[in-house]
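These notes are about the structure you will find just below.
Just so it is clear, the values below take in all heavy atoms, side chains as well, and ignore hydrogens, waters and symmetry mates. Both counts, for ligands and for their atoms, begin at 1 and track the order of listing.
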Amino acid sequence: MLIFSFESSCDETSAAVVEMAPGTRRILSNEVISQIDTHALYGGVVPEIASRAHIEAISGLADLALKKSGASMSDIDVVGVTNRPGLIGALLVGVSFAKAFAYSANKPLCGVDHIRAHVAASYLAHPELEPPFVALVVSGGHTTLYEVTSYTDYKILGTTRDDAAGEAFDKVGRLMGMTYPCGAQMDRLAANGEKNIKFPSPALPGTLDFSFSGLKTAAINYLHTAEMKGETIVREDVAASFTAAVCSGIAKNAGEILREKKIPLVLCGGVAANSHLRKILAETAEKAGTKFYVPPISLCGDNAAMVGAQCYYEYMAGNIDDITMNAFSF
Ligand code: KG4
Ligand code: ZN
């Protein structure tokens, strides 16, 4: 089955064609245009600018994705699009385009949850992966542990009560003089630092929930105090210590649930690109005696191939939409 899919929930526009069938999970094309450079000027994503940039990019990307896949419009079986959660104006661009395409080509249409799409990136990367498993979604907007009981059934085991891990990386990175998004820069800096600064754990005791606001404030206070005293900070050490606190807090909760459930762990979302997080979670899963899956970095950020993969399972489960489909910010 060929799926033509679209992603426009935040600051990446993407169109893809994937081939999905029992035993087959193949990316035929996956075109992404990032708006990062535009938003970097403002220190974060500006929703109105994001919507306009999606409008400018989406037709050309759709054309390119179809051309690169070698498929024609008539070969497409289903159209998939992220319709929740995300920036409402940004989502509406992909949703409107997908609706127009599905209507004009007379194809079925499925709205896809962005978080489930991030999880589905691992289906594309690991042909043997199937539910049940624990999915850890760590992105700019989410830090959540799910029990995935089937391709379309999710149960929240633990989640952040305030900021997301990616948001914390971005805020602390900006204070250290980096440009948005700061996660990848923090990752590189941390590789050359010592974990010699004590920061609080984001793992809340007695639950599988997280809180990143205390950790973020502690890092901000550390930087401000050093500045007021005129002390020079070792940026590498701050990045290494902050990253260690984020990653070991996440690993603590993940380890707890893996030891209890004895099912594989799937790491996904933009922060799944973090080298320290990938390493510590691989070790955590190994210690718990379970398997660990994470997509390649190219599939960790927002892309339409992951949307197409999840669209297949939604379609097979009968979760099919029509021309009245809407976008939802939550
Ligand atoms: O999933 P994503 O592309 O967009 C959302 O749906 O939020 O995630 C973006 C987030 C940003 O906060 C970015 O700083 C973070 O992922 N990120 C990283 C790394 N690469 C991207 N965080 C830590 N280490 C990285 N290597
Ligand atoms: Zn995302």
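The protein atom (non-hydrogen) at minimum distance from atom 11 (C) of ligand 1 is D170 OD2, 3.6 Å. Looking from atom 15 (C) of ligand 1 to the surrounding protein, the closest heavy atom is V271 CG2, 3.8 Å. In this structure, atom 22 (N) of ligand 1 lies nearest to the protein heavy atom G183 CA, 3.3 Å. Closest to atom 26 (N) of ligand 1 among all protein heavy atoms lies D187 OD2, 3.0 Å. In terms of protein heavy atoms, atom 8 (O) of ligand 1 is closest to G270 CA, 3.3 Å. Of the protein's non-hydrogen atoms, the one nearest atom 24 (N) of ligand 1 is N274 ND2, 2.9 Å.
When you scan the N, O or S atoms of D302 for the one nearest the Zn ion (ligand 2), you land on OD1.
Close to ligand 1: H118, with a non-hydrogen atom less than 4.0 angstrom away. Heavy atoms of R188 come nearer than 4.0 angstrom to ligand 1 in no pair at all. Ligand 1 does not have C10 within reach: every non-hydrogen atom of the residue lies 4.0 Å or more from it.
Distances below 4.0 Å separate heavy atoms of G141 from the following atoms of ligand 1: 7 (O). Using a 4.0 Å cut-off to heavy atoms of G301, the atoms of ligand 1 that qualify are 3 (O).
Side chain to side chain, S29 and S69 fail the donor-acceptor criterion of an N or O pair below 3.5 Å. For the residue pair H114/E7, the side-chain donor-acceptor check at 3.5 Å is satisfied. With hydrogens and angles left out, the side-chain atoms of H54 and T13 include a donor and acceptor closer than 3.5 Å. Residues D163 and S213 bring no donor and acceptor atom of their side chains to less than 3.5 Å of each other. Judged purely by distance below 3.5 Å, without hydrogens or angles, the side chains of D162 and S211 pair a donor atom with an acceptor atom.
Counting only non-hydrogen atoms, the option in V45, T243, D302 that gets closest to atom 2 (P) of ligand 1 is D302.
For G140, a nitrogen or oxygen atom sits less than 3.5 Å from a nitrogen or oxygen atom of ligand 1, counting backbone and side chain alike. Of the polar atoms of G166, at least one N or O is found under 3.5 Å from an N or O of ligand 1, judged by distance alone. For ligand 1, none of its N or O atoms has an N or O atom of S275 under 3.5 Å away.
Between Y312 and Y123, the distance from one ring center to the other does not fall under 6.0 angstrom.
The side-chain tip of R116 points at the ring of Y154 from less than 6.0 angstrom away and within 45° of straight on.
Between NE2 of H114 and NE2 of H118, the angle at the Zn ion (ligand 2) works out to 90°, rounded to 10 degrees.
Within the 4.0 Å heavy-atom criterion, the part of H114 lying near ligand 1 is the side chain and not the backbone.
Taking the six-membered ring for Trp and thresholds of 30 and 60 degrees, Y313 and Y151 have nearly parallel ring planes, at less than 30 degrees apart.
At a threshold of 4.5 Å between side-chain heavy atoms, the hydrophobic network of Ile, Leu, Val, Met, Phe, Trp and Tyr places L265 and L277 in one connected group.
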Full working for ring-ring contact (aromatic ring centres under 6.0 Å, His included) between F242 and F169 = CA-CA 8 Å; F242 179 77; F169 271 118; 5.6 Å; yes

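Once rounded to the nearest 0.5 Å, the distance linking NZ of K261 with CD of E256 reads 12.5 Å.
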